[in-house]
Asker: 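Before I ask anything, here is the structure I am working with.
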Amino acid sequence: MIDVPLSALEVAMVQTGTRAVDTLRDTTAFAQRLDALGYLRLWYAEHHHSPAIGAFPPVVLTAHAAASTSAIRLGSGGVLAPNHAPIMLAEQFGTLAALHPDRIDLGIGRGPGTFDESTARALRRGAGPTTDEEYRDDVASTLRLLVEEVALGPLPEPWLLASSTAGAQLAAELGLPIAFAHHIRPDNTQAALGHYRAHFSPSRWCASPRVLVCVEAICAETEEEARRLAGPMNVVKAGLLKGHSEVPFPSPSEAAAHPFTAEERAGLAAFGAHQAYGTPETVVGRLAEVAEATGADELMLVTPVYELAARLRSYELVKEHATRPSAAAPRP
């Protein structure tokens, strides 16, 4: 059993043989099903110029999902501060929060959302990578503008996304809840969260440390099926290990035929040891271990599998086996 709330991250993988518009259509069905299942929140990630991930603005997906669901919290996980003026973020998410009170989250991250340097520069209108101080100022300015300039009523709930101790330090300094990318940098999780808790300063946004941990979770009725479903993302990860960003999201059959090197298999196994794959019992047990080891107040699951039906089934199985009725999170 898992005694913390469960949420989801939508990465919007564009499957080989399909169009981005097909992925976009699926996001609506995905949000509606997770709403019905009782997941606490659903966040959308910002990505650009990727053959495997749709370039769908989180603010647009959040607005669309909020209009077609009734209870689940929605927001960015995250919107990337270097790519947006603080006043625009404040206006966009402030408006969403006014339209959908107590249902909107503003998760802010730092990365450019692309591996392509020319795309990153285009997003920043020719500017180079943001500095630590510029990022801190952008986040602080966004929070200030939400309160002082936008102030349409109910405010979005702000979160800081982090994958390192540096991000955890900023979240602690600003007194923000932290969403840690354990699904990207699991080796950094314990040190970063320890730093966050030790240096946290209470704020109007958060009175005490609050931790969400994002975990890659792929669940199926059998271990064999879970391994099959994990295959496509393993191909993408193997490409990233080689420094290749232009890697499409293949079908499970294409992934099964992919010639992984011994080094790639070792790297994938090391990463997978920190995530949760397998049958419901295996996945729920592993998620419970992550929650206990990290002291997480909430777990967010990211499930990058081919085909909407298989992805939804993974979330259904986890939810069915994970949460006691008494442990379910109160709905906003």
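Just so you know, these numbers use all the heavy atoms, side chains as well, and skip hydrogens, waters and symmetry mates.
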Asker: Do S7 and E298 pair up side chain to side chain, a donor and an acceptor below 3.5 Å, judged on atom types alone?
Answerer: yes
Asker: Would you tell me whether T222 and E225 have side-chain atoms, one donor and one acceptor, within less than 3.5 Å of each other?
Answerer: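 Short answer, no.
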Asker: One thing to verify: whether K319 and E316 come together as a salt bridge, which I'm taking to mean a side-chain N less than 4.0 angstrom from a carboxylate O.
Answerer: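 No salt bridge links E316 with K319.
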Asker: Sequence neighbours left out, cut at 3.5 Å: what donor-acceptor pairs do the side chains of residues 207-217 make with other protein atoms?
Answerer:
{"residue": "E216", "atom": "OE1", "partner": "K237", "partner atom": "NZ", "Å": "3.3"}
{"residue": "E216", "atom": "OE2", "partner": "K237", "partner atom": "NZ", "Å": "2.6"}
{"residue": "E216", "atom": "OE2", "partner": "Y277", "partner atom": "OH", "Å": "2.9"}

Asker: What distance do E157 atom CD and F93 atom CZ have between them, rounded to the nearest 0.5 Å?
Answerer: 13.0 Å
Asker: In terms of the angle between their ring planes, are Y196 and F200 parallel, tilted or perpendicular, with boundaries placed at 30° and 60°?
Answerer: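 Correct class here is perpendicular.
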Asker: What about the rings of Y315 and Y39, do their centers lie closer together than 6.0 Å?
Answerer: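 Ring-ring flag for Y315/Y39: true, centres closer than 6.0 Å.
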Asker: Indicate yes or no: at least one non-hydrogen side-chain atom of F271 is less than 4.5 angstrom from one of N234.
Answerer: no
Asker: How long is the straight-line distance from CZ of R313 back to CG of L229, given to the nearest 0.5 Å?
Answerer: 12.0 Å
Asker: Report yes or no: do T165 and N188 form a side-chain donor-acceptor pair below 3.5 Å?
Answerer: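 No, N188 and T165 have no side-chain donor paired with an acceptor closer than 3.5 Å.
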Asker: As an exercise, state the distance from CD of Q15 to OG1 of T23, rounded to the nearest 0.5 Å.
Answerer: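 Here the interatomic distance stands at 6.0 Å.
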Asker: When you compare the side chains of T282 and E223, does any donor N or O come within less than 3.5 Å of an acceptor on the partner?
Answerer: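 Per modelled atom types, T282 and E223 side chains form a pair under 3.5 Å.
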